[in-house]
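Since the structure comes first, as structure tokens, the remarks are kept for the end.
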There are 2 protein chains.
Amino acid sequence: MAEKKNDDGRPASAWSKVTMSDVAREANVSTATVSRFLDGMVPVLEPTRAKVMDAIKKTGYIRNEAATRLARGTSDTVGLLIRDPNNPYYGILHSELQLGAAEHKLHLLTVASPPGFNPQTESFGLRRLLEQRVGGILVATGTIAPDELSAFVRDVPTVVLGRPEEHPTLNTVSLDEEANAKLIVDAVLACGHRDIVVTFPQTNHSGLLIEHLRGTWLTRHLRDGGANVITVDTPSLSPADLEATHRQVVGLVRERRVSAALFTSDMKLLGFLKAAQEAGVRVPEDVSATGFDGLLPGTELLGLATVRLPVEALARRGMEIIHEEMVSDGTLPVRHESLVGSFLPGRTLASRLPQ
Amino acid sequence: MAEKKNDDGRPASAWSKVTMSDVAREANVSTATVSRFLDGMVPVLEPTRAKVMDAIKKTGYIRNEAATRLARGTSDTVGLLIRDPNNPYYGILHSELQLGAAEHKLHLLTVASPPGFNPQTESFGLRRLLEQRVGGILVATGTIAPDELSAFVRDVPTVVLGRPEEHPTLNTVSLDEEANAKLIVDAVLACGHRDIVVTFPQTNHSGLLIEHLRGTWLTRHLRDGGANVITVDTPSLSPADLEATHRQVVGLVRERRVSAALFTSDMKLLGFLKAAQEAGVRVPEDVSATGFDGLLPGTELLGLATVRLPVEALARRGMEIIHEEMVSDGTLPVRHESLVGSFLPGRTLASRLPQ
DNA sequence: TTGTAAGCGTTATCAT
DNA sequence: ATGATAACGCTTACAA
């Protein structure tokens, strides 16, 4: 079976060319019958079923999705454009989306944009998804401009996941950075801290946008709560900048000017923990510290006090919405939803010791 | 533009149906010319180029890959079947493969098998990739049986990534667990440790196969090096089992029966570090500890002594091989390669103190 | 219930 | 260099 049949002079494809007609011939039925059998929505007489099944098994037939999509014009595959798979956030998101897709009997096809901020690369990824003629598109990526996106996806159901902005024509499910920041702040204030340092990128550089937002909200909420806040700028992710930040924070702790340090990601918190340890500053005895994310493998092991982002819910809602859009032929209203995480207590945050 | 044109009674697809003929009409050329322009391999006169480009821009045309693949019979897209994206190892692998694909001017289409060991789910994923008629397949997943795989992919270039076994008809690029274990053992012995506990799953359960292998090699190399090895069985990943393991190890340390503890993954190491801390056992003062992987975000921050798996090289070789297979029409010999990682020094491993 | 045949959107061959 | 046109493998009215 599946013999190379390039006697006809056509270029030998790498592919075994067992097609639906091969199956049909083998089973002494028409391709239409095979198609119906495969589709399952149209009744097929039992003896015929059996013949077809045998033929499929015997020939090792595998349906050609490209032809199917072409003929059908629609597809129950949803395309996922995802940022950097090497990142716990996107990893979990990807994983949960896969689960959600299965629940809705949808297929998920993923295109990852390689690391390194590059809106253009992401456009290519998006285009490739569109070329697949997927039935819907999920965008979980930082840098592609919403306007460009909305122009691209004019005709296919689309949901943007986890971006802080809303767009008039794009469905979005996002993370409520304000509320999440509030969770941290409430916990910190409840521990009696009043003199607090917040470190974050003070400019809203692309790629640092979210951390900028978080830092801004942390600061605002703290001040609203009556705390005395010192901010330290962390302009980039470069080791030099991070080290400078740590030095400043350690300095503030030594001078007893702060009793808590707030960071805008768990990686940042982790970095500080290490720097503190090396500098002989104890956490939480000398200073409490909090992060943001709750997604790092081992977060609980390490006892990080942080906000756990609701990635699972993000994925679930995103998939639900895309599903609704895909089944409804009518045009649903554009939706904007926002999700709040939960505070994750940890050993790095303790009540302020009476001094 | 892109008006819904279902006056013809056909079901309105969610898709804007701007096709190549629309572009051709707009540009007053034939579809063949548009196709050639898009392909880029056949010269097209400048004035024509301009017309076509304009028409494409004006209509917002996006090529239908399904039709392309159907017509061409081959594709420069390689399908990736990947295990659980929510796992640093697979995350990095995915990321690096994406990079490698770009280098070879290949496209990468990913299907993730949702978490939870389920060979059948993985078969579905594989089938879906085959249905796409991708030009090559990369399998980075634990549980699918090689034999089933080889039957499936009889006619499409395939490379299996990171599985410890070889298969007569399947290309594989794997991790040299024996050599990696040796790296750890050499470092530990060089630090003067002679009484050592190794914890690992003693049965080669599916999914724990690799850790079983690592533990076995660690033990063997240690004994070959003259060390006195105690093994502790960690039959599963359940919290109860892990806790029991930690308790045993802590006990051995307190009794001064061992000066080093070896774990078969960094997560396990992390778990032990926490348990040790809670039990008042200091690392590395009371006991040195090593892990395996080197992929956890923050590995260096935490100072884990471990083996860094060569995931980047794994991805690069895998992509190179699949590329070669895809361009060569002839049948290349089946290849089996094996990659060694590098030892990552860390604070959790120190010279044995003279007691 | 099953078969026939006309597309689906591209590519590629063969003329021109 | 460009234009007709026959595949490519499958779905789906429409007939039987």
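In the text below, chain A, chain B and the rest are named by the order of the sequence lines, each starting its count at 1. Values below: every heavy atom of this structure, side chains too, minus hydrogens, waters and symmetry copies.
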>> Can you tell me which nucleotide in dT11(C), dC10(D), dG3(D) comes closest to the side chain of Val29(B)?
In response: dG3(D)
> More 5' along DNA chain D: Ala67(B) or Ser30(B), using each one's nearest nucleotide?
Replying inline: Ser30(B)
>> Listing request: all salt bridge (Lys or Arg N to Asp or Glu O under 4.0 Å) pairs with a residue in residues 142-151 of chain A, at least two apart in sequence or in separate chains.
In response: none
> Rounded to the nearest Å, what distance is computed from the CZ atom of residue Arg63(A) to the C1' atom of nucleotide dC8(D)?
Replying inline: 16 Å
>> Would the distance check show the side chain of Arg128(A) and the main-chain N or O of Ser123(A) forming a donor-acceptor pair, the cut-off being under 3.5 Å?
In response: no
>> Heavy atoms from C-beta onward define the side chain here; which of dT10(C), dT4(C), dG9(D) lies closest to that of Thr68(B)?
In response: dT10(C)
> Asn64(B) CG to dG9(C) P: how many Å, rounded?
Replying inline: 7 Å
>> Before you tell me yes or no, could you show the steps for Phe152(B) and Ile62(A) under side-chain contact (heavy atoms from CB on, under 4.5 Å), namely the whole-Å CA-CA distance, both residues' side-chain angles and the distance that decides it to 0.1 Å?
In response: CA-CA 9 Å; Phe152(B) 255 133; Ile62(A) 288 185; 4.1 Å; yes
>> Given dC10(D), dA4(D), dT11(C), identify the nucleotide with an atom nearest to the side chain of Met20(A).
In response: dC10(D)
>> Does a side-chain N or O of Arg133(B) approach OP1 or OP2 of dG9(D) to a distance below 4.0 Å, or not?
In response: no
>> Side chain of Ala32(A), heavy atoms from C-beta onward: which of dT4(C), dG9(D), dT11(D) has the nearest atom to it?
In response: dT4(C)
> CZ of Arg69(A) versus P of dC10(D): gap in Å, rounded?
Replying inline: 14 Å
>> Taking the minimum atom-to-atom distance to the side chain of Thr19(A), which one of dA4(D), dG9(D), dT11(D) wins?
In response: dG9(D)
>> As an exercise, state the distance from CG of Leu161(A) to CD1 of Ile321(A), rounded to the nearest 0.5 Å.
In response: 8.5 Å
>> Between the opening five pairs and the closing five pairs of the helix from dT1(C)-dA16(D) to dT16(C)-dA1(D), how far apart are the helix axes, to 10°?
In response: 30°
> Is it true that Glu337(A) and Arg317(A) make a salt bridge, defined as a side-chain N closer than 4.0 Å to a carboxylate O?
Replying inline: yes
> Salt bridge or not for Lys58(A) and Glu26(A), using N-O below 4.0 Å?
Replying inline: yes
> Roughly how many Å is it from CZ in Arg72(A) to P in dG9(D), rounded to a whole number?
Replying inline: 18 Å
>> For a side-chain contact (heavy atoms from CB on, under 4.5 Å) check, start with the C-alpha distance between Arg83(A) and Glu122(A), then their side-chain angles and the critical distance, and finish with the verdict.
In response: CA-CA 8 Å; Arg83(A) 177 75 161 281; Glu122(A) 298 192 349; 3.5 Å; yes
> Between CG of Asn64(B) and NZ of Lys17(B), what distance do you get to the nearest 0.5 Å?
Replying inline: 8.5 Å
> How do Leu70(B) and Thr31(B) order along DNA chain D: which one's closest nucleotide is nearer the 5' end?
Replying inline: Thr31(B)
>> Short of 4.0 Å, heavy atom to strand atom, which residues of residues 33-55 of chain B count as contacting DNA chain C?
In response: Ser35(B), Arg36(B)
> Pick from Leu138(B), Val160(B), Leu314(B): which one makes a side chain to side chain contact (heavy atoms under 4.5 Å, CB included) with Val173(B)?
Replying inline: Leu314(B)
> What is the distance, rounded to the nearest whole Å, between atom CG of Leu130(B) and atom P of dG9(D)?
Replying inline: 16 Å
> Taking CD from Glu131(A) and C1' from dG9(C), how many angstroms apart are they, rounded to a whole number?
Replying inline: 13 Å
